[in-house]
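Here is the structure we will look at, set down as structure tokens.
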Amino acid sequence: MGDTIFGKIIRREIPADIVYEDDEVLAFRDLNPQAPVHVLFIPKRAIPTLDDAQPEDVALLGRLLLAAAGYARREGFAEQGYRVVNNCREYGGQTVYHLHLHLLAGRHLGWPPG
Ligand code: AMP
């Protein structure tokens, strides 16, 4: 699987508004925010889609989720609530083939999504 724009962000080849980083996870603000808070959580080790994730990725997937939850708590909107989304492939609306979680917050989010 080829490189993506997120690979360039990880390698600091293009700028991003990074809000969280640890040894396995990077988080930065979405360029085209869909809510007052819209942050993307990505693994530094690229997995193209959720469908490509393997049993050995279970800890990494858990770390992504907990990184998003921890950010929400630290930023003070966890109590109010938020949404974490993964878009998988074409019908899921995925445009960047480097697995990522969208963290959306700061407004009441409708359901079902479009
Ligand atoms: P998805 O459609 O689920 O694959 O989400 C990809 C997201 O990446 C979209 O919400 C884009 O707005 C966002 N995006 C694309 N390029 C960048 C970038 N250079 N920096 C930050 N976010 C980006």
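The shown structure was predicted, so the numbers you read here are calculated from the model rather than taken from an experiment.
- No continuous path of hydrophobic side-chain contacts links I47 to V58 [ILVMFWY only; heavy atoms under 4.5 Å].
- Put simply, the side chain of R29 reaches to within 4.5 Å of the side chain of V19, judged on heavy atoms.
- Connection of L50 to L60 is established within a shared hydrophobic cluster, with ILVMFWY side chains joined at heavy-atom distances below 4.5 Å, either directly or through further cluster members.
- Every residue two or more places apart in sequence or in another chain was checked for a side chain to side chain donor-acceptor pair (under 3.5 Å) with R107, and none qualifies.
- Under the 4.5 Å side-chain criterion, counting only non-hydrogen atoms from C-beta, I5 is in contact with V96.
- The minimum heavy-atom distance linking H38 with L40 is given by the pair NE2-CD2, 4.0 Å.
- Looking at heavy atoms from C-beta onward, L64 lies in side-chain contact with L99 at the 4.5 angstrom threshold.
- Taking CZ of F28 as the start and CG of D17 as the end, the distance is 10.5 Å to the nearest 0.5 Å.
- Residues V84 and H102 are not in side-chain contact: their nearest non-hydrogen atoms beyond the backbone lie 4.5 Å or more apart.
- Heavy atoms only, all atoms of each residue included: G81 and A105 are closest at O-CB, 4.2 Å.
- Residues L103 and A68 come closest through the heavy atom pair CD2-O, 3.9 Å.
- A single hydrophobic cluster is seen to contain both L26 and I14, as judged by linkage of ILVMFWY side chains at heavy-atom distances under 4.5 Å, directly or through other members.
- For Y71, the side chain to side chain donor-acceptor pair (under 3.5 Å) criterion is met by no residue, not counting sequence neighbours.
- Not a single side-chain contact (heavy atoms from CB on, under 4.5 Å) links L66 to another residue, sequence neighbours left out.
- A 4.5 Å side-chain heavy-atom check between I10 and H98 finds at least one atom pair inside the cut-off.
- Within the 4.5 Å cutoff, the side chain of L101 has no heavy atoms near those of the V85 side chain.
- Judged as a salt bridge (Lys or Arg N to Asp or Glu O under 4.0 Å), and not counting sequence neighbours, the contacts of D57 are R45.
- Closest approach of P36 to G106, counting heavy atoms only: CG-O, 3.4 Å.
- Remark: E13 pairs with R11 by the side chain to side chain donor-acceptor pair (under 3.5 Å) rule, at least two apart or across chains.
- How far CZ of R83 is from CG of L104: 7.5 Å, rounded to the nearest 0.5 Å.
- Side-chain contact between Y20 and V39 is absent, with no heavy atoms from C-beta onward closer than 4.5 Å.
- From F41, atom CZ reaches atom CG of L65 across 10.0 Å, with rounding to the nearest 0.5 Å.
- Within the 3.5 Å criterion, the main-chain N or O of P48 finds a donor-acceptor partner in the side chain of Q94.
- Around atom CD of E79, no more than 12 heavy atoms belonging to other residues, nucleotides or ligands sit under 6.0 Å away.
- Heavy-atom minimum distance, I9 versus A16: CG2-CB, 3.6 Å.
- The CZ atom of R89 sits 13.0 Å away from the CG atom of N87 when rounded to the nearest 0.5 Å.
- With sequence neighbours excluded, the residues forming a salt bridge (Lys or Arg N to Asp or Glu O under 4.0 Å) with E21 are R12, K44, listed by chain and number.
- Interatomic distance, CG of N86 versus NE2 of H100, reported as 7.0 Å (0.5 Å rounding).
- For the atom pair CD of E75 and OH of Y82, the computed distance is 12.5 Å after rounding to the nearest 0.5 Å.
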